[in-house]
Every structure is written in C-alpha cells, then in structure tokens.
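Contents: one structure, followed by commentary.
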Amino acid sequence: MSVTGNTVPASIAMLKVLEDWGVDHLFGYPGGSFNSTMAALAERKEQIHYIQVRHEQVGALAAAADAKLTGKIGVAFGSAGPGATNLLTGLYDAKEDHAPVLALVGQTPRAVMNSHFFQEFNEDPIFEDVSVYCRTVMTAESLPHVVDQAIREAYKHQGVATVIIPNDLGYEQIPDIAYGSHGATDDKKTPQPEPTAAEVDQFLALVKEAKRPVIHVGRGIQEGGDVLIELSKKLQIPLVMTGLAKGHVDESYAGNLGMANRAASKAADEIMASADLLIAIGADFPFAKLVYTTHPFKFVQVDNDRTELGRHHNLDLGIWSDATAFVQAALDRSEPAPESAFFKAACADKENWFAYQKQLQDDTREPLRAEPIYKEINRVADPDAVFAIDIGDNIINSFRHLHVTPKNKFVISAIFASMGSGLPAALAGQLSYPGRQVWNIAGDGAFSMIMQDLLTEKKYDLPIINVITANKTLNFIKSEQDDVAMHHSGIDLADQDFAMIAQGMGVESVTVTKASELPAAFDKAIEVTKAGRPFLIEAKISDARSLPVEELQLKQTDQGLEETLNPTYNSNLDLQRPSSVREFLDSYDGQNLKTLPEFFEEYGVEW
C-alpha cells in the first residue's frame with residue numbers, strides 16, 4: 001500500500017480529501033468489500049482516526065450526532081451487503097434532522113459485479129432516497145473527486161451524501177496530487193436573509209391587535225436567546241420552545257414556558273392552546289398537525305429557508321429571514337407594550353409547573369422515580385457538559401428536568417426518533433469534544449439495542465457517563481397504549497442486569513434502586529470518568545406514567561373558558577378514567593397544580 005513514485009493508491013488520495021475538509025475521525029466496521037479503504041486507514045492512522053464500532057448502525061448514528069453537535073461533516077462506512085444496509089437507520093436520522101453526513105459504502109470488485117457475487121446487490125436505489133447526492137465511483141482517479149463533491153453536496157443541502165466504492169478501485173495507483181477543493185472560502189459564514197422594515201412593521205401590527213400572542217421558538221434562534229428574551233419582555237409575549245431549541249433560551253427566564261406537545265410542560269401546552277396569534281421563529285415543528293390545529297389563530301412564520309414557510313400552517317405573514325436578525329429588528333423598531341395580564345398568567349402557570357417539577361425531583365418514595373435521577377445529573381454535570389439523550393421517556397424527562405444552557409451541547413434523534421441513538425451520540429460527543437464531560441441517558445429498551453458498543457467506549461478509553469433507567473417496560477409506548485381502546489400489548493421487557501453486563505465488558509458500574517443511593521452513585525461516576533474511564537449507572541425505576549399534559553384541552557363555553565380531558569385519555573381496557581381535570585391532576589401528585597382558567601381568572605385575562 002506504500003506510495004510509489006509520483007502515484008498514490010486511490011484510497012489514500014480519498015482519505016487526504018477527508019483530512020483536507022477537517023475530518024479527523026470516522027466510524028465503521030470492516031468487511032472484505034471495503035479492504036482497500038481499510039488498508040488506507042492503516043497507513044493514515046496518524047492523520048485520521050478510525051473508530052471501530054460493533055455495528056454499522058451505531059457508526060451511522062454517531063456520524064449523524066457528530067454533524068448535529070459540531071455542524072461539520074460526519075463520516076461513517078459499511079461494506080457491501082448487510083454492512084451497507086445496516087447504515088440506513090443512522091443515515092435517515094441525519095436526513096430528517098438536516099445533518100451533513102458522508103456515507104462511504106463498499107461494493108464488490110468490478111470484475112465480479114453483475115454476476116450474483118457474494119454480498120453483491122444494486123446499492124444505488126437503496127441509498128438514493130436517503131441521500132442528497134448518491135454516486136457509484138467508476139474509475140480510480142475519480143474516487144477522490146467524487147468524495148470531494150459529495151462533501152460539498154452534504155454541506156449545501158444539509159443532508160446525506162453517499163459514495164459507493166468498488167473495492168478494487170481503492171488499490172489502483174493514481175497521480176499523487178491534491179484532489180480536494182476545500183479552502184478558506186468554505187469557512188466563511190453563509191450570508192443570511194434579513195427582514196425588511198415593512199415586514200417587521202406588519203408583524204408588530206399583528207402583535208398589537210392580538211390579545212394572547214405566543215412565540216414558538218425553534219433552533220434557528222441559535223445564539224440569539226438573550227435578544228429574544230428582551231423582545232419577549234418588551235412586547236409581553238411568552239415563549240414556547242421546540243425540543244431542538246432546548247438550552248438556546250435561558251430556562252430560568254419566567255417567560256420561557258418550556259416545550260409543547262407531549263414531551264412538554266403543562267404551562268407551554270395550555271398557553272399555546274389559548275393563543276390567538278402564534279409566531280413561529282426558526283422552528284420546524286413535526287407535530288404541528290396535532291398542535292397547531294386545535295383552535296384557530298393568526299400565524300406568523302419567520303425562517304431562513306423559504307421552503308419552510310407555510311409548511312405546517314396557513315400563513316397570515318411569512319418572513320424570509322434569519323431568526324436572530326428578525327428578533328433584533330423587531331426589538332429595534334418596537335415600542336414597549338403595556339403590562340399584559342395574559343403574560344402574567346403565563347408566567348404564573350410556568351412557576352406553578354416548576355414547583356411541581358421540583359416536588360417530583362425531591363420525591364424519595366419507593367420505587368424510585370426518574371425525576372430524582374435528573375436532580376443528581378443537574379448537581380454533578382459540568383457547565384459545558386454534552387448530553388446525548390436516547391428515545392423514550394427520557395426525552396420527556398430531559399425536556400422537563402435536565403438543566404441545559406447555551407454552554408452545553410444537547411443532542412437527540414428529533415424527527416426520525418431512532419431508538420439506540422444515545423450511546424452513538426455520546427461516542428461522537430466525546431471524540432469531538434475530548435475535554436468535556438459527556439452523558440448518555442437511555443432507557444432499557446433503547447440501550448439494549450446498541451449496548452454492545454459499551455465495548456467501543458472501553459476500547460478507546462472514552463470517559464462517558466452512561467445512565468440507564470430500567471423499568472422493564474417500553475414505557476413511552478405503554479403511555480400511548482393507555483389512550484387506545486385495547487389491552488396493553490408487547491410492551492413488557494425481560495429484565496437484565498445492565499451493571500453486570502457492563503462489568504463483563506470492562507466498564508465499571510453500579511445499580512441503584514433508591515433515591516438515597518443516587519448521590520454516591522453519581523459521585524462515583526464523576527470520580528471514574530475524571531480518571532479517563534467510562535462508567536455506567538443502572539437505575540431500577542418505576543414505570544409510572546409522567547403527567548401527560550397533552551391530554552388537557554381548552555374550550556370556550558357560555559360560562560367561559562373550560563379545561564377538559566381528551567376523550568381518549570385512559571381509554572385502555574385495563575385502566576380507569578378520572579371523572580374531572582382535578583382528579584386527573586391529583587392522580588399524578590399534582591394537588592398544587594392549578595388549571596389555566598384559574599390563572600386567567602386570577603389575572604383577568606380576556607378571552
């Protein structure tokens with residue numbers, strides 16, 4: 001594989017292109033049809049770090065998380081046949097969350113292609129749908145050029161670019177020249193659209209006419225959280241967050257009500273359900289067809305991608321603009337709004353909800369609940385910790401209880417909701433931010449899908465804190481079945497001793513079953529990871545359902561605003577339905593929670 005004269009193996013030239021684009025690690029699992037690239041990785045091991053995962057899906061999910069966390073291209077590979085198809089879940093995760101990822105896919109040598117050879121299949125149509133760019137390399141000399149173009153396409157479209165490589169091409173000698181096109185000009189920030197004065201004034205006129213305006217904040221706000229708080233205060237508009245915007249706006253701000261929909265706060269759901277003007281800023285909300293259709297309202301949308309305007313709701317005003325640029329312009333052109341009873345009621349609702357959350361975090365009853373675990377995570381987490389949250393009830397609990405600031409990195413599988421994404425994301429977090437504390441928080445259902453890659457943490461000495469909440473139930477799905485006229489089905493999980501499994505892989509661990517055991521367990525996790533080793537905490541918890549705030553509904557009657565329960569709540573044949581909203585709240589230890597009509601009456605909010 002060594003360089004001879006003025007030539008170099010095509011696979012080496014390809015890796016140099018990756019290095020030129022700043023790629024210093026990639027994920028994958030070897031196969032015979034990818035050996036020409038494996039040989040190149042061995043030769044370039046000082047320049048680009050190959051991370052051997054134990055399943056290609058983990059590699060693709062890690063590459064997707066790399067891109068989400070850093071904004072830079074993530075890279076994963078798989079060999080022909082099952083190695084290739086195993087990549088798809090992680091690649092679809094990247095596609096749906098708009099993350100730039102390069103997938104390198106092995107193919108049989110050209111001499112045996114189209115002969116029904118071992119593990120040979122037509123890979124192009126398989127990867128066409130998931131990719132913004134998909135090409136099979138035809139000549140050795142084109143290999144580095146195609147990879148270079150693929151990276152450009154992934155960045156341009158914020159998606160997956162796939163390059164399929166017949167194995168024999170990587171061995172061929174090609175001229176030893178610079179094939180990469182990356183340069184300083186690529187590091188410039190993309191120019192962003194800005195609003196016109198007329199657009200901002202139209203927006204401010206709609207706000208002035210509204211009685212109950214609400215801003216729905218997406219991740220497009222980026223570093224503009226503090227400016228948005230200023231605008232919220234000035235115009236007396238409460239903020240509701242999308243999940244991907246968590247941490248972008250100070251969560252202690254009284255007007256930040258938290259998330260909407262299911263993984264949500266009661267205040268955010270109630271206030272959004274009462275809005276007569278909804279202002280979506282930099283938000284791609286996949287649950288809009290459920291949440292935005294509960295009642296009529298005027299709709300303003302601000303987005304830097306014109307294709308997003310009007311996607312989720314009919315527009316009263318669409319503004320093509322960078323989110324923060326729009327917020328700053330609105331702040332500059334607006335006059336302070338008079339004190340708002342609606343804004344006061346929203347803040348009071350949020351304060352009431354936060355008090356309830358603290359009550360749950362301080363709960364020491366047995367069996368152990370999930371909320372006290374998050375209290376401990378908040379206690380010991382570094383200010384700039386990286387949080388990788390897997391799919392399931394931990395999404396709800398992290399949205400409600402995990403303290404996240406703009407200093408943190410927070411990554412989830414948002415749109416595709418890939419179970420098993422937490423550990424791969426933690427691998428990416430530790431490799432991309434080697435000096436920072438990294439957390440993998442997962443349930444037993446999700447973690448059991450990819451737990452073999454604890455070995456990867458151990459092999460590469462990645463000091464990740466793994467928190468596994470185990471309740472022997474697919475609880476997120478159980479909660480969905482609670483509200484369907486059926487018997488619970490298929491949701492029970494066989495119990496496992498995750499702590500012992502971890503120890504068998506060489507990862508130190510501990511099991512906790514009581515709130516009193518949590519502080520020592522988390523202190524031990526900090527001690528071990530500070531020494532450079534991974535650690536696992538298995539928390540045996542209750543399968544009690546968290547308060548399903550999405551089941552609360554508002555309607556206007558002759559007597560005024562009324563809060564009711566969704567007719568499908570607890571329609572499962574194994575459950576009983578509460579007779580009132582009060583009984584519903586009390587059944588979740590929410591005796592101190594007030595309904596939205598109570599807050600509106602207290603503050604004199606007009607409907």
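Start at 1 with the first residue, then count along the sequence. Quick caveat, the model's predicted, so the values are computed rather than measured.
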Inset, instruction - Step by step, work out the side-chain contact (heavy atoms from CB on, under 4.5 Å) result for Tyr50 and Met38. - result: CA-CA 9 Å; Tyr50 160 54; Met38 297 310 302; 3.7 Å; yes
Inset, instruction - Given side-chain contact (heavy atoms from CB on, under 4.5 Å), test Tyr374 with Ile441 step by step and report yes or no. - result: CA-CA 10 Å; Tyr374 282 83; Ile441 304 174; 3.5 Å; yes
Inset, instruction - Please report the C-alpha distance between Arg436 and Asp384 in whole Å, then the side-chain angles of each, then the deciding distance to 0.1 Å, and finally whether the salt bridge (Lys or Arg N to Asp or Glu O under 4.0 Å) criterion is met. - result: CA-CA 7 Å; Arg436 292 168 70 164; Asp384 64 349; 3.7 Å; yes
Legend entry - Worked check of side-chain hydrogen bond (donor to acceptor under 3.5 Å, both in side chains) between Asp492 and Thr473: CA-CA 5 Å; Asp492 297 325; Thr473 310; 4.8 Å; no
Inset, instruction - Kindly determine whether Phe584 and Leu552 satisfy side-chain contact (heavy atoms from CB on, under 4.5 Å), including the steps that lead there. - result: CA-CA 10 Å; Phe584 165 76; Leu552 293 170; 3.8 Å; yes
Inset, instruction - Take Thr190 and Gln192 through the test side-chain contact (heavy atoms from CB on, under 4.5 Å) and record every step on the way to the result. - result: CA-CA 6 Å; Thr190 303; Gln192 293 295 310; 4.0 Å; yes
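Here the CG-NZ distance, from Leu239 to Lys350, works out to 9.0 Å after rounding to the nearest 0.5 Å. Atoms CG and CZ, on Asn475 and Arg545 in that order, are 9.5 Å from each other to the nearest 0.5 Å. The distance from the CD1 atom of Ile237 to the CD1 atom of Ile215 is 4.5 Å, given to the nearest 0.5 Å. Taking NE2 from His216 and CE from Met259, the interatomic distance works out to 9.5 Å, rounded to the nearest 0.5 Å. Atom-to-atom distance recorded for Glu480:CD and Lys478:NZ is 12.0 Å, nearest 0.5 angstrom.
Between Lys246 and Glu251 there is a salt bridge, with a side-chain nitrogen of the basic residue lying less than 4.0 Å from a carboxylate oxygen of the acidic one. Ion pairing of Lys375 with Asp363 is absent here, as no side-chain N (NZ or NE/NH1/NH2) approaches a carboxylate O to less than 4.0 Å. A salt bridge does not link Lys472 with Asp543: none of the charged nitrogens is closer than 4.0 Å to a carboxylate oxygen. The residues Glu551 and Arg262 are annotated as not salt-bridged, no charged nitrogen and carboxylate oxygen being separated by less than 4.0 angstrom. In summary, Lys540 and Glu538 engage in a salt bridge, as defined by a charged side-chain N under 4.0 Å from a carboxylate O. For Lys530 and Asp382, the salt-bridge test fails: no basic side-chain N is under 4.0 Å from an acidic carboxylate O. Ion pairing between a basic and an acidic side chain is recognised when a charged N comes within 4.0 Å of a carboxylate O; Lys16 and Glu19 show no such pairing. Salt-bridge annotation for Lys514 and Glu517: absent, with no side-chain N of the basic residue lying under 4.0 Å from a carboxylate O of the acidic one.
Ser509 approaches Gln503 most closely through the heavy-atom pair OG-NE2, 2.9 Å. When every heavy atom of Ala521 is checked against every heavy atom of Val510, the shortest pair comes out as CB-CG1, 3.8 Å.
A donor-acceptor contact closer than 3.5 angstrom is absent between the side chains of Trp353 and Glu351. In this model, no donor atom of one side chain and acceptor atom of the other lie less than 3.5 Å apart for His55 and Gln452. Side-chain contact check for Ser252 and Asp250: at least one donor-acceptor pair (N or O, by modelled atom type) lies under 3.5 Å. No side-chain N or O of Gln222 forms a donor-acceptor pair with one of His248 less than 3.5 Å apart. Checking His488 against Asp482 by side-chain atom types alone, a donor-acceptor pair falls below 3.5 Å. Side-chain atoms of Asn440 and Asn466 form a donor-acceptor pair, as typed in the model, at a separation below 3.5 Å. With no hydrogens or angles considered, no side-chain donor-acceptor pair links Asp586 and Gln591 at under 3.5 Å. For the residue pair Ser546 / Asp393, no side-chain donor-acceptor distance below 3.5 Å is found, with atom types taken as modelled.
Using a 4.5 Å cut-off on side-chain heavy atoms (C-beta onward), Ile373 and Gln361 make no contact. When side chains are defined from C-beta on, Phe34 does not count as touching Val105, because their heavy atoms never get closer than 4.5 Å.
Here salt bridge (Lys or Arg N to Asp or Glu O under 4.0 Å) pairs that include residues 438-467, with residues two or more places apart or in two chains, number zero. Sorted by first and then second residue, the side chain to side chain donor-acceptor pair (under 3.5 Å) pairs involving residues 59-69 (not counting sequence neighbours) are His25-Asp66, Asp66-Ser432, Lys68-Asp93, Lys68-Asp97.
The backbone N or O of Leu88 lies less than 3.5 Å from no partner atom in the side chain of Glu56, so there is not a single donor-acceptor pair.
Note on ring orientation: taking the six-membered ring where Trp is involved, the planes of Tyr92 and Phe416 are parallel (angle under 30°, cut-offs 30° and 60°). Using cut-offs of 30° and 60° on the angle between ring planes, the pair Tyr253 and Phe343 is tilted. Ring-plane geometry between Tyr569 and Tyr588 is classed as tilted, the angle between the planes lying from 30 to 60 degrees on a 0 to 90 degree scale.
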